[in-house]
Amino acid sequence: MSIFKIHNTLGNKKEEFIPIDKDHIRIYACGPTVYNYAHIGNARMAVVCDLLVRFMRSIYPKVTYVSNITDIDDKIINASLETNTPIKELTAKYEKVYNQDMGELGVLKPDIQPRATDHIKEMISLIDQLIKQNNAYVSDNHVLFNVSSYKNYGLLSGRNKEDQIAGSRVEVADYKNNSGDFVLWKPSSEDQPGWDSPWGKGRPGWHIECSAMSEKTLSLPFDIHGGGLDLTFPHHENEIAQSCAAHKFDDPQDYAKYWIHNGFVTMDGEKMSKSLGNIFLVNDLLKKYPGETLRLSLISSHYRQPLNWNSKIIEQAQKNLDRIYRILKDNENISIDENIHVPDNVVDALSDDLNTSKAMFEINLIADKLSKSNNKNKSALKGELVSSGKILGLFQQSPSEWLKYGKTNNNIDSNFIEELILKRNKAREVKNFQEADKIRDELTNINIEIEDTIDGTIWRSKN
RNA sequence: GGCCCGGUGUCAGAGUGGUUAUGUAGAGGACUGCAAAUCCCCGUACGGCGGUUCGAUUCCGUCCCGGGCCUCCA
């Protein structure tokens, strides 16, 4: 078995993955704040983590993947006010939409998907402990974490406070002792959601939820912590500080051993983000493209590289999938050799910090071999192709369904199409090609593509 | 100001100190009445400038360009 190498943000280098407990791998990833539709950048994180989990499951007997739902946050409060929707209704809606959309992208649901609001008690007790240990202080109804009380603060993001101050844009709130201190608990007014606490009615700060939930669901330390690149600082840095301080750990790896961060999806080279407004919503994209196409687009480049999102990469992914599904269709009646596992070349590629582009290269080679092979090894090759696809979350559909052979996209009656094809073939028999081509144009206009094969004319809906 | 990441053929995108993936687009050919699909085949790319080397896209230096984090963000 090849060694899995993973780029660890902590230390900023690729290293060998050594599990804490090889019988049980534990992974946590920061999930969405549910106040709006997820954009394709949010989806990248979900797809990358899903891929990691699928790959880990192919190596280790047991993997627990936890990804939270943040359902209390000021953005949610604002969205609730703006849309005049009760918070519970709003968060329930977008949590559901998120899971549906990610499901369409082939993202398996996390084993545990804890909600922040279900863990207020744990957060309060963690904060309480931090105060007792002088890692946190109460100021003006807020509870703040004292950054200078954790000596390894900044290790993850590779920055130190002194260097930051000069050009920093941080406005220091007057209740903070030091500029880097961050909120653990903040007061809520009457009309804001809040929970009783030793520090009055209030709500948690952003970072504390992940510390509370990861510890509760996975226990410490766990193997891999993931999220988008922009969470490195401050979110993950603060998470480490809180959890390590609370447990008197010096080493961040006593909290989580490996930290992975996916790069951004960009638009014209610029980061896609809700605040910039240059976003593509997954929900909208799914109306135009199959989820699997979007998934392949998202993993077509290495997860740490920026991914510039445009219609061209989607088309290219679609074409690549069409090609492979065509080969699978040509081999529809070949039974899969059940003894076949994912080929070494594919495993090796993924073992190299999830090199999906390289894995796709290997997969294309297998597909090519399958399409050109004689009967002897078709079963093995098909097994290799399908099992490789399974790790990537691809090629698990029926090829005919995918290629839409005999299926209409719109509400055109398939009998109507069959009639036109019959008419065309009659015209061809008497060599009336002008008439035949006219009928074909008619079909093209309604997005139907025809192929004349040895076994007759077949048709499919083009995307 | 501090820290970080990129710049590869039409596009996407790995990778490597010398044999120069793969997908996509395009040229040419086979097949087809014509297409579609398929097959064959072609283009020889690595930001600029120096250096190390027999040899660098790959290592080093430097410069240019783009992006990110330091504030909510995947």
Side-chain angles (χ1 to χ4, degrees), chain A residues 9 12 29-33 38-49 67 73-75 78 154 157-171 179-180 182 206 226-235 237 261-266 268-276 279 296-297 300-302 304-308 310 312-324 326-327 329-330 349 352 355-365 367-368 371-372 403 427-428 431-434 436-437 440-441 443-444 448-453 457-460 462:
Chain A
T9 307
N12 198 21
C30 293
T33 302
H39 61 70
I40 195 72
N42 300 117
R44 190 179 194 189
M45 170 260 147
V47 168
V48 166
C49 289
S67 187
D73 183 276
D74 286 5
K75 290 192 292 296
N78 293 338
S157 52
R159 58 188 81 208
N160 67 67
K161 284 194 298 288
E162 292 70 33
D163 292 342
Q164 303 280 313
I165 290 164
S168 172
R169 289 169 287 164
V170 186
E171 264 182 60
S179 63
F182 56 89
W206 174 33
L229 187 63
D230 46 4
L231 295 187
T232 313
F233 190 93
H235 184 56
E237 196 70 71
H261 292 96
N262 61 275
F264 298 124
V265 177
T266 59
D268 301 322
E270 258 191 306
K271 178 183 174 183
M272 189 184 284
S273 76
K274 285 175 187 171
S275 46
L276 289 175
I279 54 172
L296 179 56
S297 304
S300 63
S301 75
H302 185 88
R304 287 193 295 114
Q305 295 294 95
L307 177 65
N308 204 31
N310 54 58
K312 212 159 187 170
I313 69 160
I314 307 173
E315 281 160 27
Q316 289 177 4
Q318 176 79 31
K319 289 266 175 63
N320 198 180
L321 285 170
D322 281 355
R323 174 175 173 267
I324 288 172
R326 273 214 170 87
I327 292 167
K329 182 169 165 54
D330 289 344
D352 184 15
N355 192 336
T356 44
S357 336
K358 203 172 178 191
M360 278 308 292
F361 152 65
E362 299 293 350
I363 284 168
N364 276 307
L365 291 187
D368 208 47
S371 78
K372 285 167 188 165
L403 294 164
R428 288 171 72 214
K431 303 214 186 294
N432 184 355
F433 297 123
Q434 208 180 349
D437 290 352
R440 186 170 57 202
D441 289 344
L443 287 162
T444 306
I448 301 298
E449 184 178 79
I450 55 172
E451 296 171 25
D452 295 324
T453 73
T457 303
I458 55 173
W459 60 276
R460 62 182 285 254
K462 282 172 71 174

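Hydrogens, waters and symmetry mates play no part in the numbers below; they use all other heavy atoms, side chains included. In the text below, chain A, chain B and the rest are named by the order of the sequence lines, each starting its count at 1.
Nucleotide B:G68 holds its C1' atom 13 Å from the CG atom of A:Asn262, rounded to whole Å. The CG atom of A:Leu365 sits 7 Å away from the C1' atom of B:U22 (whole-angstrom rounding). Between A:Met360 atom CE and B:U22 atom P the separation is 13 Å, expressed in whole Å. For the pair A:Ile324 CD1 and B:A37 P, the interatomic distance rounds to 16 Å; values are reported in whole Å. In this structure, A:Asp368 places its CG atom 12 Å from C1' of B:U38, rounding to the nearest Å. Distance, A:Asn364 CG to B:U24 P: 7 Å, rounded to whole Å. Atoms CG (A:Asn355) and P (B:G15) sit 5 Å apart, rounded to a whole Å. Counting to the nearest Å, the C1' atom of B:A35 and the CD atom of A:Gln434 are 16 Å from each other.
Taking the P atoms as reference points, B:A25 lies 24 Å from B:C46, given to the whole Å. With both ends at atom P, the span from B:A56 to B:G48 equals 14 Å, rounded to whole Å. Comparing the same atom, P, in B:C63 and in B:A12 gives a spacing of 28 Å after rounding to whole Å. Remark: the separation of the C1' atoms in B:G61 and B:U53 is 15 Å, to the nearest Å. B:U58 sits 13 Å from B:U16 when the P atoms are compared, rounded to a whole Å. Here the separation of B:G13 from B:U20, taken at their P atoms, is 23 Å to the nearest Å. Taking atom P on both nucleotides, B:G47 is separated from B:C39 by 33 Å, rounded to a whole Å. B:U22 and B:U10: their C1' atoms are spaced 16 Å apart (whole Å).
With a 4.5 Å cut-off on side-chain heavy atoms, A:Asn42 and A:Val265 do not count as touching. Proximity of A:Leu307 to A:Met272: side-chain heavy atoms (C-beta onward) are nowhere separated by under 4.5 Å. Contact of the A:Ser67 side chain with the A:Met45 side chain is registered, since non-hydrogen atoms from C-beta on lie closer than 4.5 Å. Inter-residue side-chain proximity for A:Met360 and A:Asn320 is flagged as met; some heavy-atom pair is nearer than 4.5 Å. Side-chain contact between A:Cys30 and A:Leu231 is present, with at least one heavy-atom pair separated by less than 4.5 Å. Within the 4.5 Å cutoff, the side chain of A:Asn364 has no heavy atoms near those of the A:Glu362 side chain. Contact of the A:Thr457 side chain with the A:Arg428 side chain is registered, since non-hydrogen atoms from C-beta on lie closer than 4.5 Å.
Of the side-chain N and O atoms in A:Lys319, one or more sit less than 4.0 angstrom from OP1 or OP2 of B:A25. Look at A:Asn320 and you won't find any side-chain N or O under 4.0 angstrom from OP1 or OP2 of B:G23. Considering only side-chain N and O atoms, A:Lys358 lies nowhere under 4.0 angstrom from the phosphate OP1 or OP2 of B:U16. An OP1 or OP2 oxygen of B:G67 is reached within less than 4.0 angstrom by no side-chain nitrogen or oxygen of A:Asn308.
Using the Watson-Crick or G-U wobble rule with both distances under 3.5 Å, B:U20 pairs with nothing in any strand shown. Base pairing annotation: B:A25 forms no Watson-Crick or G-U wobble pair, as no partner gives both donor-acceptor distances under 3.5 Å. Base-pair partner of B:U62: B:G48 (Watson-Crick or G-U wobble, both distances under 3.5 Å).
Taking only distance into account, the side chain of A:Asn78 never meets the base of B:C72 through a donor-acceptor pair shorter than 3.5 Å. Under 3.5 Å, the side chain of A:Arg440 and the base of B:A35 form at least one donor-acceptor pair of N or O atoms. Side-chain N/O atoms of A:Asp230 and base N/O atoms of B:G68 include no donor-acceptor pair closer than 3.5 Å.
Using a 4.0 Å heavy-atom cutoff across all strands shown, A:Lys271 reaches at least one base atom of the nucleic acid. Residue-level contact check: A:Ile450 touches the bases, meaning some heavy atom is under 4.0 Å from a base atom. Note on A:Glu451: a base of the nucleic acid sits closer than 4.0 angstrom, heavy atoms only. Using a 4.0 Å heavy-atom cutoff across all strands shown, A:Glu362 reaches no nucleic acid atom at all. Across all strands shown, A:Val265 has heavy atoms under 4.0 Å from base atoms, whether or not it also approaches the sugar-phosphate. Within 4.0 Å of A:Gly31, counting heavy atoms only, lies no atom of the nucleic acid at all. Looking at heavy-atom distances under 4.0 Å, A:His302 makes contact with sugar-phosphate atoms alone, never a base. A:Ser275 comes within 4.0 angstrom of a base, heavy atoms only. Backbone-only engagement by A:Gly227 is indicated by non-hydrogen atom pairs under 4.0 Å involving sugar-phosphate atoms exclusively.
Taking the charged nitrogens against the carboxylate oxygens, A:Lys329 and A:Asp322 have no contact shorter than 4.0 Å, which rules out a salt bridge.
In the set B:A74, B:A12, B:A35, B:A12 carries the atom at the smallest distance from any side-chain atom of A:Ile313. Taking the side chain of A:Glu449 as heavy atoms from C-beta on, and the options B:A36, B:G2, B:A74, the nearest nucleotide is B:A36. Comparing atom distances between the A:Ser357 side chain and each of B:A14, B:A74, B:A35 picks out B:A14 as nearest. Closest approach to the A:Glu270 side chain among B:G2, B:A36, B:G67 is made by B:G67 (side chain taken as heavy atoms from C-beta onward). Looking at the side chain of A:Lys372, the nearest of the listed nucleotides B:C40, B:G2, B:A74 is B:C40. When distances are taken from the side chain of A:Arg323 to each of B:U24, B:C39, B:C4, the shortest belongs to B:U24. For A:Gln316, whose side chain is taken as the heavy atoms from C-beta onward, the closest listed nucleotide among B:A74, B:A12, B:C34 is B:A12.
When the options A:Glu237, A:His261, A:His235 are evaluated for a side-chain contact (heavy atoms from CB on, under 4.5 Å) with A:Ser157, the one that passes is A:Glu237.
The residue among A:Pro306 and A:Arg428 whose nearest nucleotide of RNA chain B lies closer to the 5′ end is A:Pro306. Checking A:Ser273 against A:Asn310, the closest nucleotide of RNA chain B that is more toward the 5' end is the one next to A:Asn310.
By the criterion of a centre-to-centre distance under 5.5 Å and near-parallel planes under 30°, the ring of A:Phe433 forms a stack with the base of B:G33.
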